[in-house]
Amino acid sequence: MTVNYTVFMTNGLCRKYTLTENHMFTLIRTDEKTRARRGRLQTAHGPVELPTFMPVGTLGTVKGVEIGLLRETGSQMILGNTYHLSLRPGEQVVRALGGLHKFCGWNGPILTDSGGFQVFSLAKIRKINEHGAVFQSHIDGRRIELTPERAIEIQETLGSDIAMVLDHLVALPNDRDTIAEAMQRTVRWAKRCRDAATLETQMQFAIVQGGLEPDLRCECAAALAELDFPGYAIGGLSVGEPPERMYEIIEATTPAMPADKPRYLMGVGRPEDLLEGIKRGVDLFDCVMPSRNGRNAMAFTDNGPLRLRNAKYERDPRPLEEICPCPACRRSRGYLRHLFMAREMLGPVLLTIHNITYYQRLMTRAREAIEQGRYLEFYTARMAQYVSGGHS
RNA sequence: GGGAGAUUACCCGAGUGGCCAAAGGGGGCAGACUGUAAAUCUGCUGGCGAUGCCUUCGGAGGUUCGAAUCCUCCAUCUCCCA
């Protein structure tokens with residue numbers, strides 16, 4: 001089903017769009033001093049208020065967090081992974097159990113990553129060519145082929161709301177020819193993904209590559225824009241380059257991405273990275289950081305991260321944050337430290353919940369700030385406190 | 001009362017003449033983690049004015065160029081025989 005709708009731009013102009021009902025992106029407000037955007041994305045499983053952060057649930061679970069508790073963190077949309085779920089339990093098993101939403105108990109929107117990042121991160125056990133990538137399964141060593149068409153087939157079988165196209169990342173820094181080649185292949189693969197689509201309830205996001213080369217980034221964004229995807233991502237960043245370089249690339253890339261489509265910065269990042277991204281016009285983020293670092297005893301707060309295994313928290317009676325409503329913050333830092341020192345599983349669980357709650361509170365405050373036209377002030381105050389408050 | 005064996009750093013434990021400030025594990029301390037092969041990984045863990053010096057292997061003394069390692073005595077613990 002398709003619908004016509006109108007977006008009222010903050011500059012007073014109107015633009016009309018025709019998209020399927022589940023693919024609507026609405027710009028609610030655009031910040032005047034920065035490129036921050038307050039938007040809304042309609043998916044087959046409900047709306048997503050933007051900007052937002054998506055916790056990573058690679059295998060159909062955000063590790064350690066029961067889905068009801070995950071909902072209480074304020075998360076709107078979560079991630080799943082093509083490569084991992086196709087290996088185990090297999091996408092047909094997921095479908096037989098009612099699709100990814102029913103399978104994992106999350107009835108909100110789900111975005112699935114294409115496996116493009118695994119093509120990169122599992123480089124030692126895969127080979128890649130124009131046709132696609134061939135993996136040696138990290139589980140049993142058997143041969144797995146992942147092509148653009150196969151990536152979409154898996155994601156459609158899983159039944160996610162947003163499917164990512166298969167892309168080609170390269171390590172950074174890298175030479176320009178290698179980056180350009182991977183970028184061009186990413187565009188060709190994006191077209192193959194689009195052409196392979198059969199599921200109306202699923203929208204595809206294309207991924208902008210181009211390493212740390214601003215012109216290649218823009219070239220890629222423009223080429224993908226012609227293919228008219230419902231959303232666009234910036235990929236291949238936060239792979240070891242300094243944060244400033246990443247910001248520069250975001251800065252250079254977002255203007256080349258369609259303003260009337262959601263923009264997703266893949267795999268990013270720390271709280272300050274999210275604020276930097278929003279400032280430059282990014283709408284969606286995902287990152288393992290709140291969950292993985294939470295499992296590893298790091299708690300994110302407005303005053304910067306706390307390493308809870310540190311001895312200074314042994315007798316600290318304070319909660320991680322006074323104003324945080326999460327279950328971890330109903331206990332003392334000393335207790336949480338004890339859980340980690342004793343290797344109790346509740347420690348990683350509670351800190352994961354806290355960190356995701358923190359990220360979502362940050363996003364909620366960012367959305368409010370944009371709505372009220374004071375994002376720059378919010379950004380400035382937050383960044384200052386991350387730096388100055390790092391010793392609580 | 002007699003016999004055998006033990007005692008090593010915060011804990012357990014290897015080492016039986018120089019390559020030993022002493023393996024390994026635990027514990028502890030610190031750091032890392034950015035589209036999750038990660039409830040993981042990496043350092044450090046006697047002291048110091050530190051490419052070296054000082055003090056340490058139950059205690060005291062001895063043998064030796066040199067001792068955690070060999071000898072003597074003492075202390076403590078374990079097992080066996082009365």
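Each chain gets a letter, A, B and so on, in the order its sequence line appears, and its residues count up from 1. When reading the values below, keep in mind they use all heavy atoms of this one structure, side chains included, and skip hydrogens, waters and symmetry mates.
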When both hydrogen-bonding distances must be under 3.5 Å and the geometry is Watson-Crick or G-U wobble, what is [N] paired with, if anything?
N      : answer
C73(B) : G59(B)
C41(B) : G31(B)
U64(B) : none
G1(B)  : C81(B)
A9(B)  : none
A22(B) : none
C48(B) : G52(B)

Interatomic distance, [X] [atom1] vs [N] [atom2] [rounded to whole Å]:
X         : N      : atom1 : atom2 : result
Glu241(A) : C33(B) : CD    : P     : 13 Å
Leu350(A) : A39(B) : CG    : P     : 17 Å
Tyr264(A) : G35(B) : OH    : P     : 9 Å
Met289(A) : G35(B) : CE    : C1'   : 13 Å
Leu172(A) : G35(B) : CG    : C1'   : 14 Å
Met341(A) : G28(B) : CE    : P     : 4 Å
Ile250(A) : G35(B) : CD1   : C1'   : 13 Å
Leu85(A)  : G35(B) : CG    : P     : 16 Å

Using the [atom1] atom as the reference point in each nucleotide, state the distance between [N] and [M] in Å, no decimals.
N      : M      : atom1 : result
U8(B)  : C70(B) : P     : 15 Å
A6(B)  : C57(B) : C1'   : 14 Å
U72(B) : A23(B) : C1'   : 31 Å
G66(B) : G17(B) : C1'   : 8 Å
G5(B)  : C71(B) : P     : 11 Å
G52(B) : A21(B) : P     : 12 Å
G59(B) : G24(B) : P     : 24 Å
G46(B) : G61(B) : P     : 27 Å

### Message
Using a 3.5 Å distance criterion without hydrogens, assess whether the side chain of Thr73(A) forms a donor-acceptor pair with backbone atoms of Leu70(A).
### Response
yes
### Query
Do the numbers put Arg382(A) on top of the ring of Tyr386(A), so that NZ or CZ is under 6.0 Å from the six-membered ring centre and no more than 45° off the axis?
yes
### Query
Is there a donor-acceptor contact under 3.5 Å linking the side chains of Thr352(A) and Arg295(A)?
no
### Message
For a quick check under 3.5 Å, do Gln385(A) and Asp302(A) share a side-chain donor-acceptor pair by atom type?
### Response
no
If you compare every side-chain N and O of [X] against the phosphate oxygens of [N] (OP1, OP2), does one of them come in below 4.0 Å?
X         : N      : result
Arg126(A) : A37(B) : no
Asn310(A) : A30(B) : yes
Asn293(A) : U34(B) : no
Arg343(A) : G27(B) : yes
Ser238(A) : G35(B) : no
Gln118(A) : G35(B) : no
Arg292(A) : U34(B) : yes

So [X], base contact, sugar-phosphate only, or nothing? Heavy-atom distance under 4.0 Å.
X         : answer
Arg337(A) : sugar-phosphate
Ile207(A) : base
Gln209(A) : base
Gly240(A) : nothing
Met298(A) : base

### Query
Within the modelled atom types, does a donor on one side and an acceptor on the other bring the side chain of Asp167(A) and the base of G35(B) under 3.5 Å apart?
yes
### Query
Has the side chain of Ser291(A) got a donor or acceptor that lies under 3.5 Å from a partner of the other kind on the base of U36(B)?
yes
Nearest to side-chain heavy atoms of [X], which nucleotide of [options]:
X         : options                : value
Cys287(A) : U36(B), U34(B), C33(B) : U34(B)
Leu122(A) : A37(B), A39(B), U36(B) : A37(B)
Val268(A) : U36(B), U40(B), U34(B) : U34(B)
Ala311(A) : U34(B), A39(B), C29(B) : C29(B)
Arg309(A) : A39(B), U34(B), G31(B) : G31(B)

### Message
Here's a test for you: under salt bridge (charged side-chain N to carboxylate O under 4.0 Å, His left out), which of Arg40(A), Arg37(A), Arg38(A), Arg367(A) qualifies with Asp283(A)?
### Response
Arg37(A)
Ion pair check, [X] and [Y], cut-off under 4.0 Å:
X         : Y         : answer
Glu91(A)  : Arg150(A) : yes
Glu314(A) : Arg333(A) : no
Arg365(A) : Glu368(A) : no

### Task
Can you run down the side-chain hydrogen bond (donor to acceptor under 3.5 Å, both in side chains) pairs that involve residues 105-114 of chain A, sequence neighbours left out, and say none if there aren't any?
Thr112(A)-Gln155(A), Thr112(A)-Ser160(A)
